[in-house]
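Step one of this worksheet: look at the structure below.
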Amino acid sequence: MSISEHSNNNVVCGVEAVSTPSIMVIFGGSGDLTRRKLIPALYKLKRNGLLPAGFSILTIGRRTMSVEEYRGSLLESMESMGIDAGYWEIFSKDVFYHSLDYGDLDDYRGLNDRLEGMGKDHDDYNYIFYLATPPSAFGVITENLGKCGLSDEENGWRRIVIEKPFGSDLESARELDNRIKIYFREDQIFRIDHYLGKETVQDILMFRFANTIFEPVWNRQYIDYIQITAAETLGIGRRAGYYDRIGVLRDMFQNHILQLLALTAMEAPAHFDPECVHDEKVKVFKSIKPIPLERLEDFLVLGQYREGVIDGRDVPGYLDEPGVPEWSRTPTFAAMKVFIENWRWQGVPFYLRSGKRMEKRLTQIAVRFKKVPYMMFRDVLGEEIGTNMIVLRIQPDEGIGLKFQIRLPGSKICTRSVMMDFSYSDFYEGTPFEAYERVLLDVMLGDHLLFIREDGVDAAWALLTPVLKAVETEAGTGRLSLEGYSAGSWGPPLADRLVQEGGDEWVVV
Ligand code: BG6
């Protein structure tokens, strides 16, 4: 392992580079994820000299095609991303294609032979198996790899990367885990949540625990509530086959939103290492008060987008998207209120929301502080005065804002709320890592910090499974309605009611 130095305004950051030769075997080679995220991320890592010598990519798909055909099809998707044609030639020489039937054990023997052939000039060769397939294939691929000895670590390490969703509820997640664990140990398994690879998400712990001034007020004594929003303007595109079975609670809440919640609410880990960080996150999940199913409507609002206008363009409603059944009741929006029952957070509501086809692409964590305890300006200003707020802007416009009150210059006594703002773009030179670059690099380095440990998946599903069961049996009966919302809005108006009970509104900064 070597360290290459990147210097930035007197800041020296170490970026670890991998040094042992490896093959990344990507199942789902023709899929959207491979084309849009994985190959571009690997291309950029290689361009920046962060892949080891002897690194190659073997993509796996069901279709038979030549490697030239496959590389040509990749190039088509990559061209729209503005790649350097000359460098693509160099990069694509190490990209290969192998066709295989996921369920056919004999095919995996063929894969084993191929991998041995690729690594024959080295004593040790590492394999990373990346499962970028539909979730239904995770179990069978893992088993077949294991049965062919491809999880054995006799001559190099073997790691397996599992995309989300990891199961579709608590039971199926445990079942999947048991199947994987027959052949792979926990330290060989990397359960991905790409949000954890985003630069600003990684910064949450630094912000909280590398500064003295925020942590003393980061608790129920000073904080009124916390809101976490992950809003997208995109619809489901061509992913109906996946999305319609999954919906927003499994697609965004079980993983991304709960991870943001855990990083915001957890205690300081004893050490900045994967085990200690995972321990603290799991404690947060276990402390979340189960949502009372008999009063679900007070804690959860679900919605589905209707037609509307996004960026001046008419867009269809969810039910008119290609591949979505016209009777679908899959939610594309959810707003949820949860409480964490521990000394730090008792009584502080956490409002969570995520939706597709919303007015703006925006992921942020807004921490709203309580009013001042005594209003000494009440005679001139009345009882009301703005409150402090910290907003962690995860994307786009990555940064951190602190809202506070000032006296307006010139006036005798007149206040105004202002935002003190830090933007990553003003500070960093160069291009930051994309989330997938970071997580792929970490798989190669064997660093589990940005991945989800088994008990983390379990605890998140334990929280959501009863809610999903209630919603999926109740949907349509009127107890928890599925609210329509116009594409290009901030979701169903009913979602505002959740936060208005606390006397406020959703924060958009
Ligand atoms: C994925 C979800 O995990 O995250 C998608 O499956 C969603 O539905 C995406 O669009 C959002 O990721 P990002 O990085 O674009 O915010």
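Quick note: numbers below take in every heavy atom, side chains included, and nothing from hydrogens, waters or symmetry partners. Both counts, for ligands and for their atoms, begin at 1 and track the order of listing.
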Check ligand 1 against the protein and report each N/O to N/O distance under 3.5 Å, formatted as atom name, atom name, distance.
from: ligand 1; atom 1: 3 (O); to: Lys164; atom 2: NZ; distance (Å): 2.8
from: ligand 1; atom 1: 3 (O); to: His256; atom 2: NE2; distance (Å): 2.7
from: ligand 1; atom 1: 4 (O); to: His256; atom 2: NE2; distance (Å): 3.4
from: ligand 1; atom 1: 6 (O); to: Lys164; atom 2: NZ; distance (Å): 2.9
from: ligand 1; atom 1: 6 (O); to: Arg239; atom 2: NH2; distance (Å): 3.0
from: ligand 1; atom 1: 6 (O); to: Asp251; atom 2: OD1; distance (Å): 2.6
from: ligand 1; atom 1: 6 (O); to: Asp251; atom 2: OD2; distance (Å): 3.4
from: ligand 1; atom 1: 8 (O); to: Arg239; atom 2: NH1; distance (Å): 2.9
from: ligand 1; atom 1: 8 (O); to: Asp251; atom 2: OD2; distance (Å): 2.6
from: ligand 1; atom 1: 8 (O); to: Lys356; atom 2: NZ; distance (Å): 2.8
from: ligand 1; atom 1: 10 (O); to: Glu232; atom 2: OE1; distance (Å): 2.5
from: ligand 1; atom 1: 10 (O); to: Glu232; atom 2: OE2; distance (Å): 3.3
from: ligand 1; atom 1: 10 (O); to: Lys356; atom 2: NZ; distance (Å): 3.1
from: ligand 1; atom 1: 12 (O); to: His194; atom 2: NE2; distance (Å): 3.2
from: ligand 1; atom 1: 14 (O); to: His194; atom 2: NE2; distance (Å): 2.8
from: ligand 1; atom 1: 14 (O); to: Lys198; atom 2: NZ; distance (Å): 2.6
from: ligand 1; atom 1: 16 (O); to: Tyr195; atom 2: OH; distance (Å): 2.8
from: ligand 1; atom 1: 16 (O); to: Gln395; atom 2: NE2; distance (Å): 2.8

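Between Glu163 and Ala132, the closest heavy-atom pair is CG-CA, 4.4 Å.
Within the structure, salt bridge (Lys or Arg N to Asp or Glu O under 4.0 Å) pairs that include any residue of residues 348-362 comprise Glu232-Lys356 (at least two apart or interchain).
Under 3.5 Å, the side chains of Asp169 and Ser172 contain a donor-acceptor pair of N or O atoms. Looking at Thr332 and Tyr243, their side chains never bring a donor and an acceptor atom within 3.5 Å of each other.
A distance-only check finds a donor-acceptor pair linking the side chain of Lys164 to the backbone of Asp251 [under 3.5 Å].
Residue Phe451 is tested with Ile162, Asp193, Ile192 for a side-chain contact (heavy atoms from CB on, under 4.5 Å); the sole match is Ile192.
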